[in-house]
Amino acid sequence: MCGICGWVDYERDLTAPDARQALADMTATMAPRGPDDVGTWVDGPVGLGHRRLAVIDIEGGRQPMTLQDGGRTTSVLVYSGETYNYRELRERLAGAGRRFETSSDTEVVLQAHREWGRRDPRDAVRELNGMFAYALWDPASRELLLVRDRLGIKPLYYYPTEQGVLFGSEPKAILANPRAERVIDADGLRRLLGSVADPHNAVFRGMREVPPGHIVRVTREGIEQLRYWQLTDTAHSDDVPTTVRHVRELLEDTVQRQLISDVPLCTLLSGGLDSSALTALAARFSEERIRSFAVDFVGYTDNFKPTTLRGTPDGPYVQEVAKFVGTDHTDITLSSAELMDPDVRATVWRGRDVPTTMGDGDTSLFLLFRAVRQGSTVALSGESADEVFGGYVGFHDPKMVATDTFPWLIGPSFRAADAGQFMDRGLLRKLDLPGYIDDQYRRALAEVPELTGPIAANPHERRMRELCYLYLTRFLPNLLDRKDRLSMAVGLEVRVPFCDHRLVEYVFGTPWAQKAFDGREKSLLRAATADLLPQSVVQRVKSPYPATQDAAYDEMLRTKVTTLIKRRDSAVAPLLDADNVIGDSSTWEVSRAGLEQMLSLEAVLTGYGATLDL
């Protein structure tokens with residue numbers, strides 16, 4: 001998987017000692033992402049750093065990796081992620097005369113750019129099937145390419161400077177360079193409170209993400225973005241049975257590709273349709289017995305209380321799937337004390353880089369990953385099936401479908417803005433979150449591709465296509481970022497087969513009438529995998545990632561927030577309306593998400609020594 005970073009300055013020689021030290025500091029921040037090896041490459045105006053998590057070609061895949069021609073370095077690559085079709089590409093490239101010195105996918109990417117990307121780098125990237133973020137330097141042209149996969153599974157940030165650019169897998173790598181400001185301004189705060197993914201706003205002032213499906217080209221003349229992939233209408237003409245069969249074929253091919261690993265592999269199992277289907281497919285195609293892992297909380301199943309979001313506990317379904325499929329299963333059971341452990345929470349905040357509302361969800365996921373990492377280096381996850389196949393209530397509740405905004409902002413799961421109850425009224429008016437969210441919404445709608453074929457004139461199909469686009473481009477990136485950060489904080493590679501771009505393209509282009517042909521959520525996925533699973537799971541209603549129901553956790557959380565807002569010297573003090581927030585915490589009408597957001601904001605500001613400029 002790995003972590004990458006680097007620095008281009010067209011007016012400096014980065015071989016100077018102070019520049020080398022800055023690059024070393026940037027690279028060191030990536031250590032959790034790459035515990036197996038470290039490497040740097042510096043030449044004139046460029047410095048590249050790499051931390052490696054060895055998954056493919058343990059001995060031969062060291063980085064930065066160079067390509068030589070007649071003793072001259074023609075390109076240098078630092079790469080994070082996996083290219084799942086690297087074996088097929090290697091055969092094609094070898095047939096074209098390319099010679100390989102390793103069996104790694106990294107070298108395949110290098111050679112692909114040399115063979116297919118000389119005229120246009122997009123031609124090379126389009127050949128890749130996988131999750132990746134990488135930087136490619138051309139010493140002759142002094143050009144840097146920053147490349148990110150189609151769905152944005154792997155993160156990549158950049159920070160333009162007057163003389164070039166800083167970049168890294170995480171903001172912390174960029175912030176380790178003294179040329180980067182550690183400032184969160186009003187735009188950054190809007191991004192934090194808005195819960196809408198926006199690659200142009202990476203929270204810290206001046207920082208951006210390489211957008212999914214894009215290349216950022218850096219030259220002495222400046223920085224430009226090149227788009228190599230986007231969602232389009234495919235004029236889908238297959239009937240329902242054909243569509244179901246093709247979805248199954250794509251899933252089988254994708255899972256087989258993503259089982260390739262030179263290190264131990266497992267699955268993450270929640271007992272829901274998505275993770276259960278992947279686990280069953282993995283068990284079918286794996287040469288070894290699949291290991292599966294699930295997260296649970298002390299007393300959760302025995303004392304479970306149904307809620308609007310979660311009607312059933314995961315535990316019984318997890319056990320049934322594990323037995324039905326025959327996995328070697330382990331439950332990771334957590335207590336509230338573990339979820340509130342200060343060292344664990346600090347590690348989670350450090351891993352996330354930016355404030356979040358997830359709280360116990362983040363901490364429990366991190367603890368799950370930490371336990372999984374003790375015996376596995378790679379895990380398969382069911383992330384993104386809800387966005388691809390239409391699993392959320394926002395796709396099915398008529399009121400949410402009809403609302404003229406992002407549906408998840410009015411659903412029962414959205415309470416992030418509750419943190420605003422703590423904030424100064426004048427600041428909230430200045431931020432104008434409703435206006436910010438509406439602007440983001442209008443921009444997203446303008447990107448949605450037009451429908452074609454018989455459904456083109458159907459208003460409901462048009463609206464459902466819009467919702468599919470919104471969830472895939474403005475909601476899913478937040479979940480992918482969360483999973484990447486918390487898994488890489490322990491050096492665990494998590495693969496997401498439902499993000500295979502071929503599957504996403506095919507299902508996105510499918511009419512909504514087919515996606516919900518049986519009147520339920522995720523109809524296509526349910527039909528395509530029903531033969532693999534117990535009927536209880538096939539018929540189970542969606543239940544999101546679990547959250548502890550222990551009242552003691554909420555009590556501890558309110559105590560921590562009470563202590564924080566009474567401190568006049570806290571980092572968040574400039575945001576607060578002290579007259580309104582200091583009082584009996586039992587009277588606060590603030591969700592757990594809002595409380596968690598305040599604590600994480602304080603932790604990030606103090607952890608980075610960041611300042612607020614509002």
Colleague: Going by distance alone, is a donor N or O of one side chain under 3.5 Å from an acceptor N or O of the other, for Ser195 and Asn478?
Modeller: no

Colleague: Taking all non-hydrogen atoms of both residues, which atom of Val372 and which atom of Cys266 are closest, and how far apart?
Modeller: CG1-SG, 3.5 Å

Colleague: Side chains of His113 and Tyr134: do they bring a donor and an acceptor to under 3.5 Å?
Modeller: yes

Colleague: Quick one: side chains of residues 389-397, donor-acceptor pairs under 3.5 Å with protein atoms, not counting sequence neighbours, listed by atom name and distance.
Modeller:
| unit_1 | atom_1 | unit_2 | atom_2 | d |
| --- | --- | --- | --- | --- |
| Tyr392 | OH | Glu387 | OE2 | 2.5 |
| His396 | NE2 | Gly390 | O | 2.8 |
| Asp397 | OD1 | Lys399 | N | 2.9 |

Colleague: For Gln514 and Thr243, which I'm curious about, is there any donor-acceptor pair between the side chains at under 3.5 Å?
Modeller: yes

Colleague: Within the 3.5 Å criterion, strictly below it, is a donor on Tyr469 or Glu447 matched to an acceptor on the partner's side chain?
Modeller: yes

Colleague: Return the set of residues passing salt bridge (charged side-chain N to carboxylate O under 4.0 Å, His left out) with Asp233 (not counting sequence neighbours), or none when no residue passes.
Modeller: Arg465

Colleague: Do Ser381 and Lys483 have side-chain N/O donor and acceptor atoms under 3.5 Å apart?
Modeller: yes

Colleague: Who pairs with Tyr506 by ring-ring contact (aromatic ring centres under 6.0 Å, His included), at least two apart in sequence or on another chain?
Modeller: His236, His246

Colleague: Using distance alone, with no hydrogens and no angle criterion, decide if Tyr86 and Thr106 have a side-chain donor and acceptor under 3.5 Å apart.
Modeller: no

Colleague: Side chains of Arg51 and Thr29: any donor to acceptor distance under 3.5 Å?
Modeller: no

Colleague: Is a donor from one side chain sitting under 3.5 angstrom from an acceptor on the other, for Ser275 and Ser270?
Modeller: yes

